[in-house]
Colleague: 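Sharing a structure, written as structure tokens. Questions coming.
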Amino acid sequence: MTTPQLAPEGPRTERAPARPRTAPRGARFVPPQRFVPVIATFVLFVAMFGAGSARYEGFGDPQVFLTLFVDNAYLIVLAVGMTFVILTGGIDLSVGSVVALTGMVASWALQEGWSAPVVIAAVLLMGTAFGLVQGAIIAVFDIQPFIVTLAGLFFARGLCYLISTESFPIRDDTFISLASGSLELPGGYYVSYTAVAAVAVVAVAAFVLHLTRFGRTVYAIGGSEASAVLMGLQVRRTKIAVYAVSGLCASLGGLLFALYSLSGYPLAALGMELDAIAAVVIGGTLLSGGVGFVVGSMLGVLVFGTILTLINFDGTLSSWWTRIVIGALLLAFIVMQRAFLRARA
Amino acid sequence: MARAKGSPIAWAVLALLALLVGNVVVTPGFLSVRVQDGHLYGSVVDILRNGAPVMIVALGMTLVIATRGIDLSVGAVAAIAGSVACVSIAGAEDPTSAGAAVVAMTTALALCIVLGLWNGFLVSVLGIQPIIATLVLMTAGRGIAQLVTGGNITTVTNSAFRQLGAGYLLVPVAVLVVAAAILLVWGTTRRTALGTFVESVGINPEASRLAGVRSRTIVFTVYVFSAFCAGLAGLMIASNVSSADANSIGLYLEMDAILAVVIGGTSLAGGRYSLPGTVVGALLIQTLTTTVYTAGIPTQVTLVFKAVVVIAVCLLQSPRARAVLVRRRAPRPLVPEARASGDAPAPSAALPDPLDASGGDAGGPSSSSAHKVAQP
Amino acid sequence: MRGITIGFPGVKALQDVDFRLFPGEVHALMGENGAGKSTLIKALTGVYAVDAGEVRVGGRAVRFAGPGAAQDAGVSTVYQEVNLCPNLTVAENIMLGREPRRFGAVDGRAMRARARTLLERMGLGIDPGSTLGSHPIAVQQLVAIARAVEVDCRVLILDEPTSSLDADEVAELFRVMRGLRDEGVAILFVSHFLDQVYEIADRMTVLRNGRLVGEHLTRDLGRLQLVSAMVGRDLDALEAVEARAHAAGEAAESAPPLLRAERLGRKGSIEPFDLEVRAGEVVGLAGLLGSGRTEMARLLFGADRPDTGRLLLDGQPLRLRSPRSAIAAGIAFSSEDRKGEGIVGDLSVRDNLVLAMQASRGWARPIPRRTADELVEKWVEALDIRPANPDAPVRNLSGGNQQKVLLARWLVTEPRLLVLDEPTRGIDVGAKLQIQKLVADLAAQGMAVVYVSTELEEVVRLAHRVVVLRDRRKVGELEGADVSVGDVMEMIASSGAAGLLAEEAS
Amino acid sequence: GGGDGGSTAASGGDGTITMGFAQVGAESGWRTANTKSVQEAAEEAGIELKFSDAQQKQENQIKAIRSYIQQKVDVIAFSPVVETGWDTVLLEAKRAGIPVILTDRAVDSEDESLYETFLGSDFVEEGKKAGEWLVEEVGSEPTSVVELQGTTGAAPAIDRQEGFAEAVAGSPNIQVVASQTGDFTRTGGKQVMEAFLKSQPDIDVVYAHNDDMGLGAIEAIEAAGKVPGKDIKIITVDAVKDGMQALADGKINFIVECNPLLGDQLMELAEKVVAGEEVEKRVVTEETTFTQEQAVEALPTREY
Ligand SMILES: Nc1ncnc2c1ncn2[C@@H]1O[C@H](COP(=O)(O)OP(=O)(O)OP(=O)(O)O)[C@@H](O)[C@H]1O
Ligand SMILES: Nc1ncnc2c1ncn2[C@@H]1O[C@H](COP(=O)(O)OP(=O)(O)OP(=O)(O)O)[C@@H](O)[C@H]1O
Ligand SMILES: [Mg+2]
Ligand SMILES: [Mg+2]
């Protein structure tokens, strides 16, 4: 055998412009297509909101849209943390309980006379530490995240009960002013500080995910953990960090929730982890990891919120029809999203 | 994975035994079983009977998870099955007849199969991520169940229906049903190629498709089977208390079932699964619940106790955790990383030992963790 | 490295192997499939912990805790299977872990620019912002190499980097390698292409069954000596294969076409083409990287759906809705993407081997264990799959042996038409001959074969007819016993010129 | 979506009253009866009802109340999921000039002006009634009681436990030997009771926080070969139909009523509040208790 020596025929660049491969070979995306799920979510969200405005009087009021952020600030923050975890192919079931725990600890500590800034710092630290421990167990001992965080769910909720089975009101002035404070917008509209904080968290998270090495490693681990290891990335450290981020977001979300309800309640945020996961996935993030954006997760939360708002505006649904209609709207949304993606593919 | 290695199950079994022993210490008569009114009576019997619904749902869930899926709707499906059955019996001409019970249960299970087809359709035909696809039914399903019962608790007095959940043929009927289901699934997956196909679809869907495996049919089948199992569980729960409470039947059943599967050593990333592991996992969960009741653990502490046990079991099971914990006691320090200079050679202790071949693999489908892969 | 020993449960992958690598040399690591080459590399870079022995870099004993540590120490590696993240862009894959930063943030523009220069250095004109997964395996392999070369390294390790590259790319790669060698980088190179090894390597180390056979200067060791050192026995001459192949071809010429494609095409992937395959004939698909061979093969099998044209089997229209219907029609297809579309990693060798056959029988009729074992035994022996343990998970096999299992998977279904996309990728010389012989034999027995390979030599030697592709278009066919590599290349080049002319004209 | 609420959104100007009612959920038969009562009463009173179901989530209730404020309803009524944390949203309602009526559960707020009135049962009182009956029933005999608690952290569970404990505190012969949550469900009650029967050698009395758990306990007791109502006495709270039936059958010994039929009272209050009339800050629903004999009488007319 002789290696055939080909005469180079012109610059290679012009040989095969990277055309999108349309064959459905696994999950292969081409650049613009990466954003398509988010775009689809956005378009459908607008459509859904438009449909609501057409149907219900007062729904089209911009304040309704702003209230979506106000009412779902905590969920947006949770979804952001969850996005980090899901991007690495993991899952964090503990966030709902951590929200409750944060509320309990915060309200309890305030009652004990701690000052507000100390309380805030303490609960954020606590949430981060909680996530850190979970992450360490997952990454160091190589145990499935589902189990570890489910145990975390039990544990945090259990701690709530240990603090008290009853709810605590929050009467601290700083908290109350944070809770009721809002940013006035022209036209008499307003958004609460909590909503502003949530959007800020989204912005920071987007920055971290896309413009830091840590963020890129998160995506790499989700794409292929084994490859990430072979590429010499800090896989273990990043996995731990991701759960710490989720814990931090959960406790921040917990603070926002405590501000939202101005109380701590051991049964608060039951099942909220599922809402957060659902919002993330609706926002176009793949549960298998590596694909998705925080902005999508925020849109996912807004879609969720819109569904609830629609139902509240309707006001004629009995309890069970409420559930069925939520399911149906969810279905309509994801099927349309799917169709949108198919049409683009 | 567990099927390939065997050892994780051994550890789960060990944990189960430890829990039982702990119970005996606290409640000396815990293991005693006597015959009462012609049937067996005792805590162990309770564990088996009350664990039956979780076990059967976990059975279906195992196969779903093996195909890289997940089924969140099982609790809602169970609620629908229980509600439909009770409402059907209550509305029958003779609500106490065995005929009414048979018709009701058949209707309920048939409906569950339809619900399973629906899930399968969303996942395999529309290609929606399983967690979201089944979330739809999880949300709407309980509403449907309430619609069926009108939001009331429907009580029935039908001795034939009672048999499934509360009846005994020396041992509880529910346990017999579950045992039969386990044997059936075990036999089918072992004696036919179904088990291989399920695993193969879960490990590498594209390769399976190219090899001609009907992956769509397989996915359909597992979701239908899962819904069927959930339906059976719902019937058992409703039958156990002779009433359908659409709101409480199968609440958190999905979490318990998934937990059972995962404790049993099956990876959520799909692929290799272990039926015996699932059975042990389900037993472990029910034993834990019964322990809480029997040992008089205060309600406030219950959840913390559960969390601690679950984590302990997992640590026991994890080969890497055992290796690390054993090494910890060794005098050599753990140096996490050798730096470029190479002047501080890390002892080999930092590297997992050969036991580590299973490698956990929770990191997503593509992470085919190789043997002895050491992470930085 | 000295006295390296590594054992896996049931296998001693390496036993007491010494290995030296000097700055400024290209050192080839040679051995059959499963000889332990990849394992040695992974021991060197800290992926596997060694059971015994030591690694020294620059005279100092080191023990890398993982690939990251090795990288930091200036050891840059391209592992055998492409190990990148398909979800990220090409630029990100190249720069992961050492992204350029501005004001603390990753500088996307600088990253893409740097990636683009690197890719151009490799002769690759793809958009660095495109997603890695959208490129064929060959391109991914080049990206992996670009990533390794990017690092300012002292040691560069390339484990079968050329297995799916065509001659052009290889030449480009060698240019880069020579450049690095002249800068004093030590390069470890693994390949099953002897020509490449003789072209680039200064020294080689030969492994056999996990043991060191010897270390030689390339110029001291002739090819035949090398092969017998690797295999442990002598090989028959290549001519026998060729003679047999063409003898069968004569008979095939008169046969009616088994499969006919008429204006078969798919938008964005390959332009409509006509193709005939007769029973007992080997049709080779030749072309450069990205010329559309894989696309053509996939359409023939129904792995992708065509949007124009039709297929005829035995003169009857054949609608392929899925790979399943193709298999039912007696068509088999072995993909070039072994890891992604071939093996089912966690399943055993046995299950992998009979998977396609089992699938066509349906789940309800399992292949009896005895039959399966007989089949496995037969093919493990015929293809010399090692280790010969049917219960081992296939992902633990060496790359070449995985490929053999895949081949066997399709052969047990006894197809009428066998479509092979890069079947000899990563396969050692001995086994490659075995496979070529097998293909020729199968054709002689009446099977139709479509054969895709980046190695033109191989295509030309085996095929009775060579279909030439360029730019996702079929540009011609060459027939007859005396087709040469030169003929094929001439057709590629001339049609290229014609194409360019046509473009200019329009 | 269903319904046709589009064009008939609240206005308040045309004389008909629009009420936004934020229900806790549909977690029990009791709750369903409560919802039905409110809906029927609204229809009867000619009040337009905007109903929402919070699925046991406080945040959903807050959202619902916000949306009622945005829809400018005339009056808001709701059964708080939990007592704390309503100040902000109630303040918003107050600013918007919408009066608020609490039903079923109170809120824990320092500012009583945030709501007009609270209509509902007193859970502590219910627990007390149960305890008092027991004290009278057993006299000075040593009695071991097992308690089937409601959902951990839920207000009725906490209060009913507290009330009961208060009532039996003066009788050292009555001992609560085990207490565990049965989540307000029959299955839960049965499982917990099964375990109690094995861990506690002699149980004299079961106190269940609702009928359903009591009904579950009956099954467990029967399976253990004992006679509910005789070997082991059972006290429950709620008085739903199935419970009353069991009481009439002699399987339960005493039920404290917790009346879900607040609809008519609520509508009455709503009309007064909207008209600007003064109403009492606390309106307790009429509730009674049932013994076995009373149950036989009351059963035929039981609505829920
Ligand atoms: N993770 C593993 N577990 C068990 N055995 C393994 C594992 N990895 C490799 N082996 C075995 O070690 C031996 C050496 O494999 P290795 O991959 O080093 O071969 P190779 O020389 O690179 O072959 P090829 O040319 O086919 O790539 C083979 O027998 C293989 O089956
Ligand atoms: N050098 C290159 N520059 C740009 N794109 C390339 C290059 N080589 C291949 N491609 C890409 O290859 C794709 C087509 O590959 P295809 O799999 O059809 O080719 P092939 O002939 O089978 O090649 P091979 O199997 O050798 O990879 C196109 O998407 C094209 O963008
Ligand atoms: Mg190799
Ligand atoms: Mg190709």
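Chain A is the first sequence line, chain B the second, and so forth, proteins listed ahead of strands; every chain is numbered from 1.
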Colleague: For A/S263 and D/E83, run side-chain contact (heavy atoms from CB on, under 4.5 Å): C-alpha distance rounded to whole Å, both residues' side-chain angles, the deciding distance at 0.1 Å, then the answer.
Modeller: CA-CA 9 Å; A/S263 65; D/E83 289 177 355; over 6 Å; no
Colleague: With a 4.5 angstrom heavy-atom cut-off, is it the side chain or the backbone of D/K57 that approaches chain A, or both, or neither?
Modeller: side chain
Colleague: Answer yes or no: does atom CD of A/Q111 have more than 12 heavy-atom neighbours from other residues, nucleotides or ligands under 6.0 Å?
Modeller: yes
Colleague: Rounded to the nearest 0.5 Å, what separates atom CD in D/Q23 from atom OG in A/S318?
Modeller: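 Between D/Q23 CD and A/S318 OG, I get 11.5 Å after rounding to 0.5 Å.
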Colleague: Using a cut-off of under 4.5 Å for heavy-atom pairs, which of D/S109, D/A64, D/A157 has the most such pairs with chain A?
Modeller: D/A64
Colleague: With chain A as the partner, which of D/E110, D/Q39, D/Q56 has the greatest number of non-hydrogen pairs under 4.5 Å?
Modeller: D/E110
Colleague: What part of A/F257 lies closer than 4.5 angstrom to a heavy atom of chain D: side chain, backbone, both or neither?
Modeller: side chain
Colleague: Please tell me whether D/D53 and A/T322 have a donor and an acceptor in their side chains that are separated by less than 3.5 angstrom.
Modeller: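 Note: D/D53 and A/T322 side chains miss the donor-acceptor criterion.
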Colleague: Looking only at heavy atoms and a cut-off of under 4.5 Å, which of D/A54, D/A26, D/S67, D/A155 has the most pairs with chain A?
Modeller: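 Option with the greatest count: D/S67.
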Colleague: CG of D/L49 to OG1 of A/T316: how many Å apart, nearest 0.5 Å?
Modeller: 10.0 Å
Colleague: Answer yes if the side chains of A/N312 and D/K50 hold a donor-acceptor pair under 3.5 Å, and no otherwise.
Modeller: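 No, because no side-chain N or O of A/N312 sits under 3.5 Å from a partner of the opposite role on D/K50.
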Colleague: What part of A/Y260 gets within 4.5 angstrom of chain D, counting heavy atoms only: side chain, backbone, both, or neither?
Modeller: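 Both parts, backbone and side chain.
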Colleague: Counting only heavy atoms closer than 4.5 Å, note whether A/L68 contacts chain D via side chain, backbone, both or neither.
Modeller: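 Neither part; nothing is under 4.5 Å.
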Colleague: For a quick test of reading the model, state the closest non-hydrogen atom pair linking A/L267 to D/G153 and the distance between them.
Modeller: CD1-C, 3.8 Å
Colleague: Could you tell me if the side chain of D/E59 sits less than 4.5 Å from the side chain of A/Y74, heavy atoms only?
Modeller: yes
Colleague: Are A/L308 and D/N60 close enough, and set up right, to give a side-chain contact (heavy atoms from CB on, under 4.5 Å), and what steps lead you there?
Modeller: CA-CA 8 Å; A/L308 280 187; D/N60 287 355; 3.5 Å; yes
Colleague: State, yes or no, whether a side-chain contact exists between D/T84 and A/L262 at a heavy-atom distance under 4.5 Å.
Modeller: no
Colleague: Do you know which of A/T309, A/D71, A/N72 makes side-chain hydrogen bond (donor to acceptor under 3.5 Å, both in side chains) with D/K63?
Modeller: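 Looking at A/T309, A/D71, A/N72, the match for D/K63 under the side-chain hydrogen bond (donor to acceptor under 3.5 Å, both in side chains) is A/N72.
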Colleague: How long is the gap from CD on A/E166 to CG on D/D159, to the nearest 0.5 Å?
Modeller: 7.0 Å
Colleague: Checking A/T67 against D/Q70: is there a side-chain donor and acceptor pair closer than 3.5 Å?
Modeller: yes
Colleague: Nearest 0.5 Å, please: how far is OG in D/S52 from CZ in A/F313?
Modeller: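 Separation between the atoms: 12.0 Å.
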Colleague: Return the CH2 to CZ distance between A/W321 and D/F51, rounded to the nearest 0.5 Å.
Modeller: 14.5 Å
Colleague: Hey, does A/S261 have a side-chain heavy atom less than 4.5 Å from the side chain of D/W86?
Modeller: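 No; the side chains remain at least 4.5 Å from each other.
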Colleague: Taking D/V81, D/T88, D/I62 one by one, which has the highest count of heavy-atom pairs under 4.5 Å against chain A?
Modeller: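 Greatest number of close heavy-atom pairs with chain A: D/I62.
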Colleague: Which region of D/L91, side chain (C-beta onward) or backbone (N, CA, C, O), has a non-hydrogen atom less than 4.5 Å from a non-hydrogen atom of chain A, or is it both or neither?
Modeller: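 No part of D/L91 comes within 4.5 Å of chain A.
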Colleague: Please flag which part of A/I170 lies under 4.5 Å from any non-hydrogen atom of chain D: side chain, backbone, both or neither.
Modeller: neither
Colleague: Between D/T32 and chain A, with a heavy-atom cut-off of 4.5 Å, which part of the residue counts as in contact: side chain, backbone, both or neither?
Modeller: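 The side chain, not the backbone.
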Colleague: Which bit of D/E92 comes within less than 4.5 Å of chain A, counting heavy atoms only: side chain, backbone, both or neither?
Modeller: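 Contact with chain A is through the side chain of D/E92 alone.
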